[in-house]
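Since the structure comes first, as structure tokens, the remarks are kept for the end.
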Number of protein chains: 2
Amino acid sequence: MGVVRKTKSVVTVLNLFEESDYSLSAVRLVELLNKKMNKTTVYRIVERLKDEGILHSFAGKDGLTWYAKCKGCTSSNHVDSHPHFQCRECGKSECLSIDVQVPAISNHKVDSAELLLMGHCADCL
Amino acid sequence: MGVVRKTKSVVTVLNLFEESDYSLSAVRLVELLNKKMNKTTVYRIVERLKDEGILHSFAGKDGLTWYAKCKGCTSSNHVDSHPHFQCRECGKSECLSIDVQVPAISNHKVDSAELLLMGHCADCL
DNA sequence: AATTTAATGCAACTAAGTTGCATAAGCAAA
DNA sequence: TTTGCTTATGCAACTTAGTTGCATTAAATT
């Protein structure tokens, strides 16, 4: 597990997440950054930032991978109950700061939960 | 929206879901049925059964689409709070019969929720 | 049995994400 | 500030999930 270097590309990606309140899909990131860096680079950066606990990812309803800033996560200690909201209309996804209590299941070890809410966002109502 | 015919292929797919307690990913279905029918057919059947309210689908952590039998769903009335469990070890996914209360969010219209629990299943513990 | 309409197979395609490898750029120590 | 090591990037080619168009086949209905 390598050290993350603060390259121009890494800074560019981080800035995008600073600017945005929303989560971003890998596809959207590639689209936004296609003038500035290679698609492979985008995928690799975002995976690296995930390993570092700076971003977290989740699968949207469409199966696409979405990334968002972690609030209060480090690489060693991950807060895993991340509720997300995705708009059926525009597809945009947001991080919610609601706490989700993870139900226990017999004979299973549950170590994280992903709650994805679907509906219509403020813009699309 | 056409009528669903009880073709040999449809019956075969339904039997698979009868036999299994677990959900099945589209990929796994294609794999299991590759001797009996075409990959395209699998995808189309499973979509049709979803429209009919016989199956429901959700995105696993890996982004793959999973299908499972609906309990108490019809095409007109869908019970949308479906918690699922996916094993990090073997990847298998199960339907849970726990009720999930969907949190409300201001300025948003939430119409369904997907709760995906991750961890280790009975077999992999 | 004839007819209609939905279902299937096939091949070609799209799109997300990955891999290997050569080159470039960070970073630390001298 | 240069040297040298290691990580990061670009590029092209690849893999894999899922889709589409179209000709053919098989349900269902009469």
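These numbers come from a predicted model, not from an experiment. In what follows, chains carry the letters A, B, and so on, assigned in the order in which the sequence lines appear, proteins first and then strands, with residues in each chain numbered from 1.
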Does the side chain of A:Arg48 get closer than 4.0 angstrom to OP1 or OP2 of D:dA8 through an N or O atom? yes
Quick check: is A:Leu14 connected to A:Met37 through a chain of hydrophobic side chains (ILVMFWY, heavy atoms under 4.5 Å apart)? yes
Ring of A:Phe17, cation from A:Lys69 - is the NZ or CZ under 6.0 Å from the centre and inside 45° of the axis? no
Just compare D:dA27, D:dA8, C:dC10 and give me whichever is closest to any side-chain atom of A:Arg5. D:dA8
Rounded off to whole Å, could you give me the NZ-to-C1' distance for the A:Lys36 and D:dA8 pair? 18 Å
Whole angstrom is fine here: how far is it from CD in B:Glu47 over to P in C:dA6? 18 Å
Please tell me if B:Thr41 has a side-chain N or O lying less than 4.0 Å from either OP1 or OP2 of C:dG9. yes
Rounded to the nearest Å, what distance is computed from the CG atom of residue B:Asn38 to the P atom of nucleotide D:dT20? 15 Å
Would you please confirm or rule out a distance under 4.0 Å between OP1 or OP2 of D:dG18 and any side-chain N or O of B:Thr65? yes
Nearest nucleotide by nearest heavy atom, which residue falls closer to the 5' end of DNA chain D, B:Lys39 or A:Lys39? A:Lys39
At under 4.0 Å, does any side-chain N or O of A:Thr7 touch on OP1 or OP2 of C:dG26? no
Whether A:Thr40 contacts C:dT19 is assessed here as follows: a side-chain N or O lying under 4.0 Å from the phosphate OP1 or OP2. Is that the case? no
Distance check needed: C:dG17 C1' versus B:Asp62 CG, whole Å only. 13 Å
Donor-acceptor under 3.5 Å (B:Ser23 side chain, B:Ser93 main chain): yes
Find which nucleotide of DNA chain D each of B:Lys8 and B:Gly63 is nearest to by heavy atoms, and output the residue with the more 5' nucleotide. B:Gly63
Quickly work out the A:Asn34 CG to D:dG10 P distance and round it to whole Å. 12 Å
If you take atom types as modelled and just measure distance, does the side chain of B:Arg44 reach the base of D:dG18 with a donor-acceptor pair under 3.5 Å? no
Rounded distance (Å) that lies between atom C1' of C:dG17 and atom CG of A:Leu64: 11 Å
When you get a sec, tell me which of D:dT9, D:dG18, C:dA7 is the closest nucleotide to the side chain of B:Tyr43? D:dG18
Between atom CG in B:Asp51 and atom P in C:dA7, what is the gap in whole Å? 11 Å
For atom NZ of A:Lys6 and atom P of D:dT7, their distance in whole Å: 16 Å
Regarding B:Thr12 and B:Lys36, do their side chains bring together a donor and an acceptor under 3.5 Å, going by distance alone? no
Give a yes or no on whether a salt bridge exists between A:Arg44 and A:Glu47, defined as a side-chain N under 4.0 angstrom from a carboxylate O. no
